[in-house]
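Here is the structure we will look at.
Just follow the structure's listing: the first ligand is 1, and inside any ligand the first atom is 1.
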Amino acid sequence: MRKEFLDLGRQPIANKFLKEDEYEGEFFYDLKVIFDEDTKLVSLKDFVKPELMFNEDYAYNTSMSYPMVKHFELTANMLKEEFNPKTVLEIGSNDGPFIKNFDTETSICVEPCENFAKKTTDMGYRSYISFWDTDVSHGIKEIHGEMDLVYAANCICHIQNLDECFAAVNNILSEDGVFVFEDPSLLRMLERGSYDQIYDEHAHIFSVTALNNILINNGLTIFRVDNLSVHGGSNRIYVARNRPVEFSVAENKQREYDFGINNFQTYEIFAERVRKSKKDLVELLTKLKGEGKRVVSIGATSKSTTVFNYCDIGESLIECITDTTPDKQGLLAPGSHIPVVDRESVNLNDYDYAFLGAWNFKDVIANKEREFVENGGKFITHVPEVMVFS
Ligand code: DWN
């Protein structure tokens, strides 16, 4: 049985940055979240049509977040060393920071956003412009054969029909092949109150418990889990058909159980915390405005789309958002219509406070922006609770 526990209001497409003349007709949907008592899966109540989110205009460029490029290089090297795959398939390859560490002759990309598929094609990889499903899996297997490593980062939680997704993986995985994927962790989200992990693209927020239940039904087993710090706390899930199951799987499931992820009440408590977070953030920003303080935001993230639209924060409370991604600069943030600007075009010292839209890069940003703090600037974050720090 699916039970709703959170309503984050009317939300736009999280990564659809707008030109001035695109206000009119901006798409909005109701962002509500449910818990499935049977599988223990947390998902959006109503999914948004994938084509509205993932298309040739998709703005999130992984390679613009430099710490992630390093993360994928390390991940690729580790997987090569341990599993020595002869063939590799990446689902949702974005602009190629993971696949670029593998041989062009034996590695395949599947990516629905044409702008990114073009990039990996230019890098020499056979790139299929498509969503991941059983038809694509059969087609690729016919041409390229089975895959020893199927990898996906921040992509499987975007796929609405998980049974179809896992059946498609099972079809193409070689006998001893491994399927490795990483996505934000439900446990970390609940622990940190980071409700902004919830937006249109994240059809599900995964626990190891729920994934285990769904994968088993599809003939696949989780044999290892790594806890990662990226994206505010993620899990890397290792899946195969017949590998010995390692202790990390039971350990993670136990931790989730102890936190109460199997109980609906846990989600009701989380929802209460989210409502308090909204109240605290709006109160703080309104107070600062009343005192004549100027506030900027750093990182035009999908996460900040959720926060700004849920909390009804616009240009009157946050003047602009800086972001390193050229494709976002000069445009307006979805729904809130706060202008997104190049970091280099802004003197941060003109502002009193900087909200961390990319709170997951808090240390990197605080380190880069030392001068801002030395000049009296302060940061605002809402994770794990609304606070000011310097
Ligand atoms: O799953 C997803 C994750 C992986 O990435 C996607 N659905 C969409 C996206 O989510 P996000 O937008 O919340 O991701 P990030 O990685 O938190 O975005 C960081 C943003 O901040 C980027 O646009 C780059 C920017 N940035 C910046 O302006 N200054 C990043 C750093 C490190 C910086 O110093």
Numbering the atoms of ligand 1 from 1, which are under 4.0 Å from a heavy atom of [X]?
X      : value
Asp323 : 20 (C), 21 (O), 22 (C), 23 (O), 24 (C), 25 (C), 28 (O)
Tyr58  : 6 (C), 7 (N), 8 (C)
Glu201 : 6 (C), 7 (N), 8 (C)
Lys368 : 29 (N), 33 (C), 34 (O)
Ile365 : 34 (O)

Quiz item: Does the distance from a Lys or Arg side-chain N to an Asp or Glu carboxylate O, for Lys253 and Glu256, drop under 4.0 Å?
Solution: no

Around [atom], find the nearest protein heavy atom and jot down its residue, atom name and distance.
atom                    : value
atom 3 (C) of ligand 1  : His231 CE1, 3.9 Å
atom 31 (C) of ligand 1 : Phe361 CD1, 4.2 Å
atom 17 (O) of ligand 1 : Lys303 NZ, 2.6 Å
atom 19 (C) of ligand 1 : Thr301 CG2, 3.6 Å
atom 14 (O) of ligand 1 : Tyr60 CE1, 3.5 Å
atom 29 (N) of ligand 1 : Thr324 CG2, 3.7 Å

Would you please classify the geometry between the [Y] ring and the [X] ring as parallel, tilted or perpendicular, with 30° and 60° separating the classes?
X      : Y      : result
Phe206 : Phe181 : perpendicular
Tyr267 : Phe5   : tilted
Phe83  : Tyr238 : tilted

Is ligand 1 under 4.0 Å from a heavy atom in the side chain of [X], in the backbone, in both, or in neither?
X      : value
Tyr199 : side chain
Ser302 : both
Asn360 : side chain

Practice problem: Take every heavy atom of His158, measure it against each atom of ligand 1, and state whether any distance is under 4.0 Å. | Solution: yes

Practice problem: Take every heavy atom of Lys328, measure it against each atom of ligand 1, and state whether any distance is under 4.0 Å. | Solution: yes

Quiz item: Has Lys362 got its NZ or CZ under 6.0 Å from the middle of the six-membered ring of Phe389, at an angle within 45 degrees of the ring axis?
Solution: yes

Hey, does [Y] have a side-chain heavy atom less than 4.5 Å from the side chain of [X]?
X      : Y      : result
Leu79  : Pro85  : no
Ile143 : Arg126 : no
Lys70  : Pro67  : no
Val346 : Tyr351 : yes

Quiz item: Quick one: does His202 get an N or O within less than 3.5 Å of an N or O on ligand 1?
Solution: yes

Quiz prompt | hydrophobic_cluster_shared for Val180 and Ile156, side chain cutoff 4.5 Å | solution = no

Self-check item: Residue pair Gln11 / Asp200, side-chain donor-acceptor N/O under 3.5 Å
Solution: no

